[in-house]
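Structure, as structure tokens:
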Amino acid sequence: MHAELIRRLADAGVRYAVFDILFSTEPWDVSEDEAVRDSILYAQEKGTEVIMSCAIDLSRITSGLTADIGSLERPTDTIMEAEPLLASVNTLPKLSYKEFETALFTFAGQRYYSQATQIYRLEINREGGHFDADPFAYGITPVREGEAGQFFINYSGPDGTVPRVNLALLFPEILEQSFGESAEEDSAGGQISQKETEYDLSRHAGGVVFVGSTAKADNDYFMTPFGQMFGVETNAQALNTLITSDFIHLANPRLTVALVVLLALLAWAFAANMRPLPSFVAFTVVLIAYEALIVLAFVKGNLLMPFTYPSVTF
């Protein structure tokens, strides 16, 4: 079914089909992998780039975002005969807090880009750029200056913000066999009609389609500023951050030190030179003003200012 999905995405003119699924286990029937391989070759002829996932063991990082030992999990040898592009996926356990994207990771001397960065890279190169020369030379803002490799995901909303289509709706012939001509109840108690089993993929011509799981049993979900979100959507939100250049900037560490010293001196000045009640009022006003400044800097300027240390010091 995944092989057929790739063909239908290619026929619809989708530019990038990104699979947030590891096809790394040898199947019982090798013809299944052969079907996926052949569909990738078919898509390439149609101008659709199929990006498959690979997983790098991040538990043995030697320095920075480079690992020379460990393991690489990639699609089976049969699928790799089609030479699809690979993109690294996050291997954090479920409910880990995913605030940034590992855009670039080096394993055994080979560069591996995340799904979002791989698409962004291809688009830059398609427009005549040379993304490979310097991955962070095209406007990507790293989490910390001088440590290119990760960037903050600027989430644009909660889980479900990115339009989601149930895979079953792309196979109306199977739904018709299951439900017949009349409407039936779905697993949520709603009605699935004949009309709802038809979905026009051509609306995504020239676009990007991520394929992944939104089943809790697969444990592919993380915590974000908007609560729980499935991994496949975090990847799409990361891509949205890149293509809109809506990057979050981390305040300079020197600013944190300066704010800690300034607020400490202010607190001392209030306590030493004012009576208790005026001192408390002044303290409250300054604290509220500082928290308002933090929110304003983030909302208006995408600047992530320090919160904990200055506030606790004050």
Side-chain angles (χ1 to χ4, degrees), residues 58 61 63-66 87-88 90 92 96-106 111-124 127 129-159 161-162 208 222-227 229 231 233-264 266 286-314:
L58 300 180
I61 299 177
S63 63
L65 295 174
T66 300
S88 60
N90 201 309
L92 293 171
S96 296
Y97 193 78
K98 188 176 180 182
E99 74 273 29
F100 51 75
E101 175 90 337
T102 302
L104 170 66
F105 192 86
T106 302
R111 282 179 172 177
Y112 293 92
Y113 300 96
S114 71
Q115 294 178 359
T117 315
Q118 183 71 283
I119 297 168
Y120 183 67
R121 164 184 169 269
L122 292 172
E123 281 295 284
I124 291 293
E127 295 173 2
H130 300 282
F131 188 93
D132 288 323
D134 184 357
F136 277 74
Y138 288 89
I140 299 179
T141 301
V143 172
R144 293 176 179 84
E145 290 298 331
E147 295 184 16
Q150 296 176 324
F151 64 90
F152 281 110
I153 302 174
N154 195 350
Y155 290 96
S156 57
D159 189 62
T161 299
V162 178
V208 183
F222 306 95
M223 290 303 298
T224 74
F226 288 96
M229 184 177 295
E233 180 158 351
T234 66
N235 298 331
Q237 296 250 15
L239 176 61
N240 184 66
T241 300
L242 290 176
I243 61 179
T244 59
S245 297
D246 195 17
F247 295 104
I248 295 173
H249 308 273
L250 194 64
N252 192 306
R254 295 177 183 175
L255 176 63
T256 303
V257 175
L259 287 171
V260 166
V261 173
L262 175 62
L263 291 176
L266 273 176
V286 171
L287 188 61
I288 292 175
Y290 178 66
E291 309 308 343
L293 176 64
I294 291 177
V295 173
L296 190 64
F298 183 76
V299 173
K300 297 297 184 180
N302 282 356
L303 178 64
L304 196 59
M305 292 180 61
F307 169 80
T308 306
Y309 292 140
S311 300
V312 171
T313 300
F314 192 49

Is a side-chain donor or acceptor of [X] paired with a backbone partner of [Y] at a separation under 3.5 angstrom?
X    : Y    : answer
T241 : Q237 : yes
N154 : D246 : yes
N235 : G231 : yes

For T117 and E101, does a side-chain donor sit closer than 3.5 Å to a side-chain acceptor? no
Strictly by modelled atom types, are T224 and E99 linked by a side-chain donor-acceptor pair under 3.5 Å? no
Tell me whether Y309 at atom OH has more than 12 heavy atoms from other residues, nucleotides or ligands lying less than 6.0 Å away. no
Compare all side-chain heavy atoms of [X] with those of [Y] and state whether any distance is below 4.5 angstrom.
X    : Y    : result
L263 : P310 : yes
I248 : F298 : yes
E233 : T161 : yes
I153 : K98  : yes
N302 : F247 : no
M229 : Y155 : yes
E291 : S311 : yes
L287 : F314 : yes

For the atom pair [atom1] ([X]) and [atom2] ([Y]), what is the distance rounded to the nearest 0.5 Å?
X    : Y    : atom1 : atom2 : value
F151 : S114 : CZ    : OG    : 5.5 Å
T234 : L239 : OG1   : CG    : 11.5 Å
L242 : R121 : CG    : CZ    : 13.5 Å
L293 : I288 : CG    : CD1   : 13.5 Å
I124 : I243 : CD1   : CD1   : 11.5 Å

Any idea which heavy atoms bring [X] and [Y] closest together, and the distance?
X    : Y    : value
T313 : A264 : CG2-CB, 3.8 Å
I294 : P306 : CD1-O, 3.5 Å
Y290 : M305 : CE1-CE, 4.4 Å
Y97  : P225 : OH-CG, 3.2 Å
Y112 : S88  : O-OG, 4.1 Å

